[in-house]
Colleague: 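First the structure, which I've put down as structure tokens, then a few questions once you've had a look.
All values below come from the heavy atoms of this structure, side chains included, with hydrogens, waters and symmetry mates left out. Residue numbers count from 1 along this sequence.
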Amino acid sequence: MNAEATSTRNRRKILAVLAGGLVLGVGAAITLAAWNDSEFATGTFTAGSFNLEGSTTSATAGFSNHNVTKGDTAAALSFSAPFSNLTPGDVVYASFWVRLDSTTTNNATLVASTGTGTGANATNVSYSVYSIAPAATCDATATTGTLVASGADLTSFTAGSSVALTKGATAGTAGTATQLCFVATAKASLVQGGAATGTWSFTATSS
């Protein structure tokens with residue numbers, strides 16, 4: 001074998017070794033594992049509570065729920081005399097206090113939402129509802145308050161202004177009550193011996 005052939009064979013061996021080294025190097029790079037780490041975060045969401053309650057007794061006592069859509073009974077208003085012996089022109093008054101109960105966690109806005117009437121004199125009695133101070137007397141002076149609802153008779157309804165309701169100052173305490181003063185007036189068209197029943201609903205929306 002001449003020197004040129006020997007040199008060529010040695011060069012091929014060197015190239016083969018280098019090639020093998022390159023292959024091994026690539027193989028080693030593929031099998032290396034990169035270090036990694038992770039972080040996780042979680043959040044818990046809890047709804048607050050909200051409930052409107054009413055009383056025909058006072059600003060501080062006699063409160064309960066009167067939501068007929070949930071199976072409760074509507075609060076029976078106690079109108080002043082002579083509500084059961086009306087004559088044309090008579091005006092009678094009744095108080096109804098509303099507040100956010102002790103479980104409520106948000107303030108709210110109250111609006112009169114509906115008003116309906118039934119009976120022979122349903123079209124012969126007009127009404128208005130005013131928001132007045134909790135301890136104020138519900139009488140002829142109520143008209144200085146905020147008009148919340150009114151109707152030319154018990155079968156009609158016009159919503160007035162909204163009323164702000166505040167939650168209790170501390171957890172577990174009820175909010176300050178708002179007094180709604182109902183003013184009902186017997187019209188000249190009042191039918192003798194005829195009865196009439198008015199029903200109103202008020203809706204509080206959390207804010």
Colleague: Regarding Thr103 and Asp101, do their side chains bring together a donor and an acceptor under 3.5 Å, going by distance alone?
Modeller: yes

Colleague: Please report the shortest heavy-atom distance between Phe202 and Val148, naming the atom on each side.
Modeller: CE2-CG1, 4.1 Å

Colleague: Within this structure, what is the CG-OG1 distance for the pair Leu52 and Thr178, rounded to the nearest 0.5 Å?
Modeller: 9.5 Å

Colleague: When you compare the side chain of Thr73 with that of Val68, does any pair of heavy atoms fall below 4.5 Å?
Modeller: no

Colleague: Kindly compute the distance separating OG (Ser161) from CG (Leu110), expressed to the nearest 0.5 Å.
Modeller: 11.5 Å

Colleague: Could you check whether any side-chain N or O of Thr137 sits under 3.5 Å from a backbone N or O of Asp139, counting only pairs where one atom can act as donor and the other as acceptor?
Modeller: no

Colleague: Mind running side chain to side chain contact (heavy atoms under 4.5 Å, CB included) on Trp35 and Asp37 for me, showing each step along the way?
Modeller: CA-CA 7 Å; Trp35 288 353; Asp37 192 13; over 6 Å; no

Colleague: Any side-chain donor paired with an acceptor under 3.5 Å for Asp153 and Asn124?
Modeller: no

Colleague: So does Thr57 get a backbone contact from the side chain of Ser55, meaning a donor-acceptor N/O pair under 3.5 Å?
Modeller: yes

Colleague: Between Ala75 and Thr56, what is the shortest heavy-atom contact and its length?
Modeller: CB-CG2, 4.0 Å

Colleague: Hey, what do you get for CG (Leu77) to OG (Ser95), rounding to the nearest 0.5 Å?
Modeller: 9.0 Å

Colleague: Using the rule given for side chain to side chain contact (heavy atoms under 4.5 Å, CB included), can you reason through Asp90 versus Thr185, listing the C-alpha separation, both sets of side-chain angles and the distance that settles it, and then say yes or no?
Modeller: CA-CA 6 Å; Asp90 283 339; Thr185 303; over 6 Å; no

Colleague: Can you name the nearest heavy-atom pair linking Cys138 to Gln179, along with the distance?
Modeller: CB-OE1, 3.6 Å

Colleague: Among Tyr127, Phe83, Trp200, find the residue that satisfies the ring pair (Phe, Tyr, Trp, His ring centres under 6.0 Å) test when tested with Phe182.
Modeller: Trp200

Colleague: Rounded to the nearest 0.5 Å, what separates atom OG1 in Thr197 from atom CG in Leu154?
Modeller: 8.5 Å

Colleague: Quick check: do Val92 and Pro82 have side-chain heavy atoms less than 4.5 Å from each other?
Modeller: yes

Colleague: Okay, side chain of Ser80, backbone of Tyr93: is any donor-acceptor separation there less than 3.5 Å?
Modeller: yes

Colleague: Could you tell me whether a side-chain N or O of Lys187 sits under 3.5 Å from a main-chain N or O of Thr123, the two making a donor and an acceptor?
Modeller: yes

Colleague: What do the steps show when you test Tyr130 against Thr143 for side chain to side chain contact (heavy atoms under 4.5 Å, CB included), and what is the final call?
Modeller: CA-CA 7 Å; Tyr130 296 90; Thr143 56; 3.7 Å; yes

Colleague: Looking at every non-hydrogen atom in both residues, tell me the closest pair between Ser78 and Ala94 and how far apart they are.
Modeller: O-CB, 3.6 Å

Colleague: When rounded to the nearest 0.5 angstrom, what is the spacing between OG1 in Thr166 and CG in Asn106?
Modeller: 12.0 Å

Colleague: Got a donor-acceptor contact below 3.5 angstrom from the Thr104 side chain to the Asn51 backbone?
Modeller: yes

Colleague: Can Val111 be reached from Leu165 by stepping across I, L, V, M, F, W or Y side chains whose heavy atoms are under 4.5 Å apart?
Modeller: no

Colleague: Can you get from Val98 to Leu147 by hopping between Ile, Leu, Val, Met, Phe, Trp and Tyr side chains that sit under 4.5 Å apart?
Modeller: no

Colleague: Search all heavy atoms of Thr155 against all heavy atoms of Gly117 and return the closest pair with its distance.
Modeller: CG2-O, 3.9 Å

Colleague: Would a hydrophobic clustering, with Ile, Leu, Val, Met, Phe, Trp and Tyr connected at side-chain separations under 4.5 Å, put Val183 with Val125?
Modeller: no

Colleague: Checking Glu53 against Ser64 for the side chain to side chain contact (heavy atoms under 4.5 Å, CB included) test, could you report, in this order, the C-alpha distance in whole Å, the side-chain angles of both residues, the deciding distance, and whether it holds?
Modeller: CA-CA 5 Å; Glu53 59 184 4; Ser64 61; over 6 Å; no

Colleague: Mind checking whether Val163 and Phe50 sit in one hydrophobic cluster, side chains of I, L, V, M, F, W, Y counted as touching below 4.5 Å?
Modeller: yes

Colleague: Check whether any side-chain N or O of Ser49 sits under 3.5 Å from a backbone N or O of Thr105 as a donor-acceptor pair, and report yes or no.
Modeller: no

Colleague: Decide whether Ser201 and Ser113 meet the rule of one side-chain donor and one side-chain acceptor closer than 3.5 Å.
Modeller: yes

Colleague: Are the side chain of Asn121 and the backbone N or O of Val191 linked by a donor-acceptor pair below 3.5 Å?
Modeller: yes

Colleague: Restricting to non-hydrogen atoms, name the atom on Asn107 and the atom on Lys167 that form the minimum distance, rounded to 0.1 Å.
Modeller: OD1-N, 2.9 Å

Colleague: Is Trp97 reaching over with its side chain to a backbone N or O of Leu180, donor-acceptor style, under 3.5 angstrom?
Modeller: no

Colleague: CZ of Phe63 to CZ of Arg99: how many Å apart, nearest 0.5 Å?
Modeller: 4.5 Å

